[in-house]
Amino acid sequence: MSMTRGKIANLLGWSLVALVLVFLYAPLVPPAINSFRDVGEGGLFANYAAILSDDRLMAAGRTSVIVGLLVALISPLLALLAAEAVRVWRIPRLVLGVILIPLFVPGISMGVATALFFQTLGISPSLLTITAVQVIWALPFGFLIILTVMANFDPIHREAAYMSGANRIQAFFEVELPQIHPGILGAAIFSLILSFNETIRTSVVQGGNNTVQTYLWSQYQQVGLSPNLHALMTILIVATLVLLALLAILDARQSRR
Amino acid sequence: MRSTLNSPRLARAVVLGAPLALIFILILGPLSITLVVSFWQKIGFSMRPAMSFENYAAFFSGTRLEVLLRSLWVGVCAAVVMLLLAYPIAYLIATRLRTALVRPVLFLFAVPFLVNYVVRTFSWSELLSRTGPVNTGLMAVGITERPLDWLLFSDFAVYLGLVTAYMPFMVFPIWLSLSGMDRRLVEASWMLGEGPLTTFRRVVLPLSMPGVVAAAIFGFVGAFGEVAVSLILGGTGYQLLGNTIQSALNTLDYPLAAAISSVATILMLALIVVWAQVFDLRLLLGKIMGRT
């Protein structure tokens, strides 16, 4: 009796999971469908081709790529050094507490704060300010990923390196890094994804620069969404999914080891 | 004594200390300056250092106060709805799933979270519109004769947007605290003769509270300070706190924007401090930080 009740509860539970997933994935579909509407004479991919001839959009695309790569480079590096500092100085609570703050501050507030900070320092809005606000946003995620892989690294390997005469730097680069580098790569891809998908924080510190996301956001507020913006959204979704697939492959390889 | 201050040690202090200092400056610097600017005065299109409470007075009165109260209410309700969904999901993943499937299923929840939520919110306005697929479908199967008006530009639409934007990420801290739980405690409760419901209420739920509250704060702050979901799905006049900040920015009123932001940040910090004081975080962080 209780067995069947348990089974029914399980079934209900997994139906809930499936239903929630339908709701979570449904919004990924409409942009792709809309991007193939109103194509007129230009063929099926007319809306995509229109992106290429839009100079402002192409400039925004370049900004997105440059900032994305910078964030993917800087954020894991800072996260790695911060994680190392946590271990050396044994101050996990303080560092974790500060790094996680941006997760819990409303996006627009963090944007306002960063804008005021750079304004006070006399630094005008640029790719640098956009990169800074996105690094701060990506850092908590990268930090947690790197802490997790470092926790899985058995310190005994490092001790063994010291005993065979390696100094700290050698032990790190020759013993620890080869073992934790998938985690660092994972943090980099994660940071790139977060950068590509950041809108609100960036929109406050962007100044005259646009990323693809802030361009979409301002176009929506000023004139509404045109068909080529649906094409743009589709590209963003697909790019995110491709990067996530890369992350999944990396993860599968790592756990098979 | 001299040898402890030798150059490798100094080099390490610089290599690790400088980036840490940079991180602290980039996070705490902006928040501190915002607090300072929140007491400044707006003069035309610029601002002047002052020690004035007029920005706070402007915030805690009239329409902005209404928006603040509504944001608090929406934030709490949305967080509750998100928890009611995220908890069972995290619980099933942590207790009813083969180990090999745990990561793939968690990954399924990470994917939509990582696709830009503004884009996802645009999609919802498309899906829920009068001529959108949801209304068309409902009319085709005869559930309704006319398009449902409350699907878009309504509380329903805003909650749907908020839940789908922030709930997926809330599964992770809850799962983390549930999977770090010592299963022997549950077995002990069973052996002492308690049924599954009592065991859940007295053992599992209390042990998972650090993750639950962390998730709740994350969802609350997200909904509370929202800009895009309320603008796109709430319709004209539907404002949450983020929209008030945005409209202060649109009139270049940085001191007011700073005051509102400071209130939001201080509220959040207070919640986090209470959370860290009340709960033993070793269980939640043990998995991340190892044995230290």
Side-chain angles (χ1 to χ4, degrees), chain A residues 10 13-14 16-17 20-21 23-28 30-31 34 78 81-82 84-85 88 90 92 95 98-99 101-109 112-114 116-117 120 132 136 139 144 147-148 151 167-168 193 197 199-200 204 213 216-217 220 225 233 236-237 240-241 244 248 251 255, chain B residues 8 12 15-17 19-20 22-24 26-31 33-34 37 85 88-89 92 96 103 107-109 111-112 114-116 118-120 122-124 126-127 164 168 217-218 221-222 224-225 227-228 241-242 245-246 249 254 257-258 261 264-265 268 272 276 287-290 292:
Chain A
N10 254 350
W14 288 115
L16 173 80
V17 172
V20 168
L21 284 173
F23 271 83
L24 293 180
Y25 281 83
L28 308 192
N34 287 325
L78 282 179
L81 291 165
E84 190 64 27
V88 171
R90 300 183 184 283
V95 177
V98 172
I99 289 184
I101 285 177
L103 267 187
F104 293 98
V105 175
I108 188 152
S109 299
V112 170
T114 313
L116 287 170
F117 177 70
T120 311
I136 290 309
L139 197 59
L144 288 177
L147 272 186
T148 315
N167 62 30
R168 273 178 184 275
I193 295 171
N197 290 317
T199 306
I200 304 295
V204 188
Q213 293 291 341
L216 257 175
W217 182 229
Y220 170 79
L225 297 173
M233 288 194 266
L236 277 171
I237 293 173
T240 306
L241 294 181
L244 278 163
D251 190 61
S255 55
Chain B
R12 194 178 68 189
V15 168
L16 298 181
L20 204 58
L22 179 68
I23 292 170
F24 276 45
L26 277 178
I27 294 172
L28 300 178
L31 296 175
I33 284 173
T34 307
V37 170
L85 291 168
I89 293 169
L92 284 169
R96 298 278 188 276
R103 288 181 81 92
F107 193 74
L108 280 180
F109 282 90
V111 171
L114 288 167
V115 172
N116 180 274
V118 177
V119 170
R120 281 187 286 141
F122 286 145
S123 288
W124 276 124
E126 193 77 34
L127 289 168
T164 48
I217 297 174
F218 177 81
V221 171
F224 177 70
V227 183
L241 200 70
I245 299 176
Q246 183 71 63
L249 287 179
Y254 276 93
S261 284
T265 308
M268 175 282 305
I272 296 283
K287 242 192 152 80
I288 301 171
M289 314 273 293
T292 44

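As the structure is a prediction and not an experimental result, all values here were calculated from the model. Chain letters run A, B, ... following the sequence lines, proteins first, then strands; residues in each count from 1.
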field: chain B interface, residue from A:Leu103, A:Val105, A:Leu244 that has the most non-hydrogen pairs under 4.5 Å
entry: A:Leu244

field: Interface residue of largest heavy-atom contact number with chain B, from A:Leu216, A:Asn167, A:Ile101, under 4.5 Å
entry: A:Ile101

Can you find a pair of side-chain heavy atoms, one from [X] and one from [Y], that are under 4.5 Å apart?
| X | Y | result |
| --- | --- | --- |
| B:Pro30 | A:Leu116 | no |
| B:Thr34 | A:Phe117 | no |
| B:Leu22 | A:Leu78 | yes |

Side chain / backbone / both / neither for [X] at chain A, heavy atoms under 4.5 Å:
| X | answer |
| --- | --- |
| B:Val111 | both |
| B:Leu241 | neither |
| B:Leu20 | side chain |
| B:Leu249 | side chain |
| B:Leu31 | both |
| B:Leu127 | side chain |

task: Describe, in one word, how the ring planes of A:Phe104 and B:Phe218 are oriented to each other, choosing from parallel (under 30°), tilted (30 to 60°) and perpendicular (over 60°).
output: perpendicular

Checking heavy atoms, do the side chain of [X], its backbone, both or neither come under 4.5 Å from chain B?
| X | value |
| --- | --- |
| A:Ser109 | both |
| A:Ile99 | both |
| A:Leu24 | both |
| A:Val88 | side chain |

Partner set under ring pair (Phe, Tyr, Trp, His ring centres under 6.0 Å) for B:Phe224, not counting sequence neighbours: B:Phe220

task: May I ask you to name which of B:Val115, B:Thr164, B:Val227 has the most heavy-atom pairs under 4.5 Å with chain A?
output: B:Val115

query: Can you find a side-chain donor-acceptor pair between A:Thr199 and B:Asn116 that sits under 3.5 Å?
result: yes

